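Treat the numbers as computed from the prediction; the structure is a model and nothing was measured. Here is the naming used below: chain letters follow the sequence lines, and residue numbers restart at 1 for every chain.
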Amino acid sequence: MRIPEPDNHSNLSSSYDFVSEAGPSCVTLDKASHSNGINKENGYSAPVSNGTTSNGSPTMGNGLAKHSSSIMRVSLPGTTLYDDPYLDREEFVRLVIQSLRDVGYIESAATLEAESGYSLEAPEVSEFRQHILRGAWADAEHLLVELGVTDADALLDARFLIGKQKYLELLEARKTTAALQVLRNDLAPYSTSSEQEELHVLSSLMMCSDPQDLRRRASWDGASGISRRQLLDDLQHYIPSSTMIPQRRFSTLLTQSREYQRLRCLYHNSAVDPSSSSLFSDHTCDKESFPRITTTILEVHSDEVWNVAWSHDGTHLASASKDKTAIIWRIGLEAEPSSRDCIAEFILRDHPYALGCLAWSLDDSILSTSADNLILLWNTKTGALMKTLENHGETVSALVWLPDGSGFMSGSLDRKIIFWDMEGELRESWNDIAIRVTDAAVTPDVRRLVAVGMGYNPPPALGTLARANVRDASPPIVSNGNGNAVGPRSPENRMIIYDLKTGQVELSVHMEGELTSVKISEDSRYALINHAPDEIHLWDLQEFRLARKFTGQRQGHHVIRSCFGGIDGNFVISGSEDRNVYVWHRDTGTLLEVLDGHGLGSVNSVAWNPRNKRMFASCSDDNTIRVWEAPVSAGELLRGFGISASEPEMIGKGKGKVKQPWTYNDGGL
Amino acid sequence: MGMKYRRYLAGERIYGCSKCKTHLATIHSMISRAFNGQHGRAYLFDGVVNVVEGEPNDRQMTTGNHTVRDIYCVKCATVLGWKYDRAYEQSQQYKEGKYILERNLLVDVQ
């Protein structure tokens, strides 16, 4: 961009003085309408955003005229900005003019219009915009045709939108009679069949008790809010964008560019921070700040560790083991990894069987665990067992505290999903559902429940083998070659999406292979499902389709779990039967890291710290839990946290026991 | 080894562990009822599920010498029977790779 400095600006000005016919009124333009725009005061009228207007007010025009009288139109060859044929110069300049006006650089905008010969828009457009913003509905409607809304249907639609705004504003101003007239005369006669329904809703708003009630029920923020601006955006659909440029168009394009860069940033894991972003350089996150080295190994469990879960405040980690205990670990987030205390605060021993699930209550005061068909509730402050729930008949495979604070949900292989209140009292039970649940999750917006599991083959009733569903008949017995016979073929596996409130099935999808884990993204849009063999599926819950597959990890016969992680859930991580932890970029499916370190067997589960986005934990058949973090950054080294120069290198290998500073707190259990 | 859910069988008749009801085998995989175990009658199955196999050892049985492993319920660890690894008598070799479950330790489940 060329920015004239003050001194050479005067040079330029003086050079312009040679031209006798300088000034906007003399600028030769391609289109007549554009030249009008320059000539009229309105073409320059104050920035769009402040909405001021004054027909014929000479002050501003004079100011501009004085300034631009010395400006000569620069004529350039071609029509593009640079070499790129997609970058039209006129479009670009008009966007710059729009931006300049939006922020208040009125004279610069005028200068640019004069120098380039392009004007932002025809005077009718700014008139139209002012009419809408001032609520001059009739005037605005008259201009629609001039603005290029020539299609009869489009015209009706646009008029309907304007009429709707007019109606709502009259209602808001409690001019009920006038509002009724608008409804009868402006809206009803022209509404299409699809608008009929909206019309009913609109007429019901007559009953609103006061303006607040009206705004709430109409999801509309009133004449003094942004509703008129919103109406302009809506009307934009009917007006050619070259005639009326969408509002703040440059900003929209730059936002898209930022989103694109963010999408391309595979290791993106820093908060969206305006202070660190610049238009002058592309955004990219340093791979080095990705958590990919082990900083702590927790080894107190005496058998395989099958699951891990972070407390919501990120300070505690719970682990579930085949050794029939769960452990609550305190992870000292306040300290640097090298001096961090990780303490086994409570060892929860009263489980009769190996543990499968863990879930922290929303306030982290209760930890629920499952051991076979039992659910146990523990006080996380004292480590005391509060309650044991025995309602399930088979292994409990899912425990989820509901985001609305109403309690928690459990799913089981007994084909029940049970809802419990905060005290562990049964609220509701869905019995005999179509699958033996192997995992389930609830969307953060509390609208849906996604369950996965094995399809259930009901036993044939005595003497009546014929059933409606042929697939329910007993499958033949399969025996593999080495005499290691297997039972009847596994029944089909399914993912079922329920409406949480009604319990209605929204979607039921047959899937090949065993399904062992479900997690839902923060925005409630995606479900992440581990799928044997060797795949993780990302399901789009809005469009009910498979959005992406993540591959690379090994999963054959065991319960392997995955999760979202990092800023905006940008990563997908999963355990694997090849003892590695796998990390993918969620939106592209790119495999980013295969992290080794765990011993023989499977990495069974992973959990990303909900507070510290640069930390996650994994648990393995090797009886340990690993905490993964970013390597110590150079900046931190410089700030001197007592880390010797040789240490980061040792840590950098991602192997070996960096340290086990935990102390064994076995008391009081 | 990693975590596994117990398997659930489907069929007209399902045999489970008498102590904890864990599914073990279906009638479709039964080969013979004419066996005897430590607790009386025992059944020979082509395949069973949800059992853990012990170490192999040689046992002299009424039909000759066999290499067998005890099998335990995966949930409650009750010894349920055994698996034939090897039969030394040629006439008995059809049992290799097959499982014995003791009838008194079984219960019908759904």
Side-chain angles (χ1 to χ4, degrees), chain A residues 303-307 320 322 353-356 372-373 393-395 397 413-415 436 438 453-460 462 465 472-491 514 516 555-561 575 577 601-605 620-621, chain B residues 1-17 19-31 43-53 56 66-69 71 73-77 81 83-87 93-101 108-110:
Chain A
D303 209 332
E304 298 170 4
V305 189
W306 284 351
N307 216 338
K322 193 184 175 187
Y353 303 103
L355 280 86
D372 208 88
N373 63 315
E394 299 286 351
T395 305
S397 53
L413 296 169
D414 67 2
R415 297 166 54 222
R436 294 185 184 275
T438 54
M454 305 174 242
Y456 172 69
N457 296 329
L462 279 175
L465 266 170
D472 286 343
S474 304
I477 295 145
V478 181
S479 177
N480 58 14
N482 59 15
N484 192 8
V486 292
R489 189 162 48 84
S490 296
E514 200 179 338
T516 60
Q555 175 173 0
H557 305 288
H558 296 134
V559 176
I560 303 292
R561 301 177 200 271
E577 288 176 13
S602 300
V603 175
N604 297 304
S605 184
S620 155
D621 287 354
Chain B
M1 161 192 155
M3 183 180 172
K4 267 185 181 177
Y5 291 118
R6 290 192 296 276
R7 301 197 41 195
Y8 294 85
L9 302 173
E12 286 146 70
R13 196 163 179 195
I14 301 163
Y15 298 103
C17 170
K19 190 171 166 196
C20 70
K21 312 280 192 288
T22 292
H23 287 202
L24 297 171
T26 64
I27 196 161
H28 298 283
S29 64
M30 185 187 286
I31 297 166
Y43 302 152
L44 183 71
F45 288 94
D46 193 38
V48 300
V49 297
N50 301 324
V51 295
V52 178
E53 296 175 7
H66 295 79
T67 304
V68 299
R69 302 164 181 267
I71 55 177
C73 170
V74 75
K75 180 175 177 186
C76 67
K83 177 192 178 187
Y84 292 101
D85 269 13
R86 186 180 166 202
Q93 281 175 357
Y94 72 96
K95 294 187 282 195
E96 288 180 1
K98 309 285 193 289
Y99 298 81
I100 290 290
L101 294 175
D108 278 7
V109 292
Q110 280 310 336

Note: vs chain B, highest number of non-hydrogen pairs under 4.5 angstrom among A:N604, A:T395, A:V305 is A:T395
Counting only heavy atoms closer than 4.5 Å, note whether A:S605 contacts chain B via side chain, backbone, both or neither. neither
Do the side chains of B:M30 and B:R13 get nearer than 4.5 Å, heavy atoms only? no
Side chain proximity check, B:L9 to B:Y15, heavy atoms < 4.5 angstrom: no
Region of B:K21 that comes under 4.5 Å of a non-hydrogen atom in chain A: neither
Output yes when B:K98 and B:D46 qualify as a salt bridge under the 4.0 Å nitrogen-oxygen rule, no when they do not. yes
Supply the atom-to-atom distance B:H23 NE2 to A:E394 CD, rounded to the nearest 0.5 angstrom. 6.0 Å
Any B:C76 side-chain heavy atom under 4.5 Å of B:T22 side chain: no
A:T438 versus chain B, the contacting section by heavy-atom distance below 4.5 Å: both
Is it true that the side chains of B:E53 and B:Y99 contain a donor and an acceptor less than 3.5 Å apart? yes
By a 4.5 Å heavy-atom criterion (distance strictly below it), what part of A:D303 contacts chain B: side chain, backbone, both, or neither? neither
Proximal component of A:E514, with respect to chain B [non-hydrogen, under 4.5 Å]: side chain
With chain B as the partner, which of A:S602, A:G601, A:S620, A:S397 has the greatest number of non-hydrogen pairs under 4.5 Å? A:S397
